[in-house]
J.: 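Questions regarding the structure given below will be posed in turn.
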Amino acid sequence: MTDDRPRPDPHLDELASAHLDGRATPEEEARLASDPRGPARVARLAAARDAVGLPDRPVDPDRRDAAIAAALAAADEAAGAPVDELAAARRRRAARRLGWAAAAAAAVALAVAVPRLLDDDSGSSTLAAPGAADSSRRSTESAASEPFSAADGQERDATSAPNAAADSGAGAVAGADRSLCCPLPELGRADDLSGRVGPARRALDPDAAPALAPGPPTPEQGACLRELEAVATTPRDGSATPPAVVLRALAAVGDEPVVVLVVEQPDGGRELVAAHTSDCGLLGTVGL
Amino acid sequence: VSPPAEDADDRELVRSARSGDRTALDALLRRHHDRILSLCRRLAGNEADALDAAQEALIAIVRGLPRFDGRAAFTTWSYRVATNACLDELRRRGRRALPGLPEDRDGLPRSAGAPAAGIEVLPDRLAVDAALAQLPEEFRAAVVLRDLCDLEYADIAEALGIPAGTVRSRIARGRSLLADLLAEGNPDRPTQRPTETGTDR
């Protein structure tokens, strides 16, 4: 049995289609013009072409906004920043929580400064500790009202410090945005913060290859790291030079995921500072 | 694809967006969203998949923006990125609107019915989308990029990773199949084969 249904001639259709697009060669144009079926084929394909180009249905503005918001969130995520209104609200909550973290930082500064006062009879640093506390408070107030700009400023300061160029793993600071867009060192789990000191030292070892988190920091982790930095890089002890962030990392203390910073003071001393990822609350500080 | 003034505006927005201007990025995405969604609607064949695919496409555009070198117009580049994002998303979901049409002995897709002489009644948008959904993906993408997005053959070839000559034949076959499908869905289409003096032999 033969199939006598009429079928389009693919070759003629290709000539007609190319003609519509201005892509037929002169020889092809001549062949098309000489074929009595040509005009009909051209009209038929032109109708299909025009149908595809029909005006589209209206777009729901809410859906448009949602799609754009998701894309902007992806951009923020790539930059390691918090992403949307929900994240912004969370930032504000976290900034409030970090109010007491600033006090803790000031207390640390005082703890460092007071022994020095006892040993130093020059008196030059007598006024330094209160100054450090003021500076810390100002920084945190700034972070609370302008969390992005304050954190960004601190990051630039930290990364421009000479000792911030340690390049000992993905979390070592060689550019804040770069480190937050890449997997960070994963320091593992411990029952208390001091248990993370060893892994942090290893992550800073240029000859070591630290274990890395499976992916870049989540927006929550990125936000928490920035907020923690705003506090941890506040100049202390009257120094004009802020502590520099030399390592960003992730870890777990108990069952709680935490973000971790190692900051280096102008005198070379290093501290490990950690905050809970869930609420950005400061977990504590230990010497490294 | 886009007027020069619009292209210049796009380039300025791209430049600002790449330097971290979130407002510029928002404006850039807002300017192109509807076009991207139209593309995804044609490629996906149903609204729900199109919306998800368009969102994935916008995200792909944002993530790819640092690699946009400006050699092509932003509109062209964004269509290219969006096409691949949409197709990837649909493949990831294992979606295909409808099975492709059977192929002829010579490997060419064959019309399921009689060829139409023309489409007397312009079909509505939904009917067109339904017909497009029945095209094999490779034909559908080529036709949509040409007839909806107005891309040149070279740009379509780059977007789909195929030679320009293949683009030409895919567009032709896609249009031919689409014409048949639209005519089938048109109750006013001629039931008799056009005469010699009419439109087809």
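In what follows, chains are A, B, ... by sequence order, proteins preceding strands, each numbered from 1.
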J.: Side chain, backbone, both or neither: which part of Arg30(B) has a non-hydrogen atom closer than 4.5 Å to chain A?
T.: both
J.: Within 45 degrees of the ring normal and closer than 6.0 Å to the centroid, is that where the cationic atom of Arg23(A) sits relative to Tyr153(B)?
T.: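 Flagged: Arg23(A) positioned over aromatic ring of Tyr153(B).
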J.: Of all residues at least two apart in sequence or in a different chain, which pass the salt bridge (charged side-chain N to carboxylate O under 4.0 Å, His left out) check with Arg11(B)?
T.: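 With neighbours one apart ignored, the set is Asp7(B).
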J.: Determine whether Asp13(A) and Arg44(A) make a side-chain contact, defined as any pair of heavy atoms from C-beta on separated by less than 4.5 Å.
T.: yes
J.: Tell me, for Glu47(B) versus chain A, whether the close heavy atoms (under 4.5 Å) come from the side chain, the backbone, both or neither.
T.: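 Glu47(B) touches chain A through side-chain heavy atoms alone.
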J.: Sequence neighbours left out, what passes salt bridge (charged side-chain N to carboxylate O under 4.0 Å, His left out) with Asp62(A)? Give chain and number order.
T.: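 Once residues adjacent in sequence are excluded, Asp62(A) has no partner under the salt bridge (charged side-chain N to carboxylate O under 4.0 Å, His left out) criterion.
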J.: Taking the six-membered ring for Trp and the single ring otherwise, decide whether the centroids of Phe74(B) and His32(B) are under 6.0 Å apart.
T.: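 Close enough - the centres of the two rings lie under 6.0 Å apart.
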J.: Counting heavy-atom pairs under 4.5 Å with chain A, which one of Asp26(B), Leu37(B), Leu132(B) comes out on top?
T.: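 Greatest number of close heavy-atom pairs with chain A: Asp26(B).
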J.: With a 4.5 angstrom heavy-atom cut-off, is it the side chain or the backbone of Ala16(A) that approaches chain B, or both, or neither?
T.: neither
J.: Need one label for Asp21(A): side chain, backbone, both or neither, based on atoms under 4.5 Å from any heavy atom in chain B.
T.: both
J.: Examine whether an atom of Asp129(B) lies under 4.5 Å from a heavy atom of chain A, and if so say whether it belongs to the side chain, the backbone or both; otherwise answer neither.
T.: side chain
J.: Give, as side chain, backbone, both or neither, the part of Leu51(B) having an atom under 4.5 angstrom from any heavy atom of chain A.
T.: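 For Leu51(B), side-chain heavy atoms alone lie under 4.5 Å from chain A.
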J.: In terms of side-chain geometry, is the basic nitrogen of Arg15(B) or Asp21(B) positioned less than 4.0 Å from the acidic oxygen of its partner?
T.: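 Salt bridge flag = no for Asp21(B) with Arg15(B).
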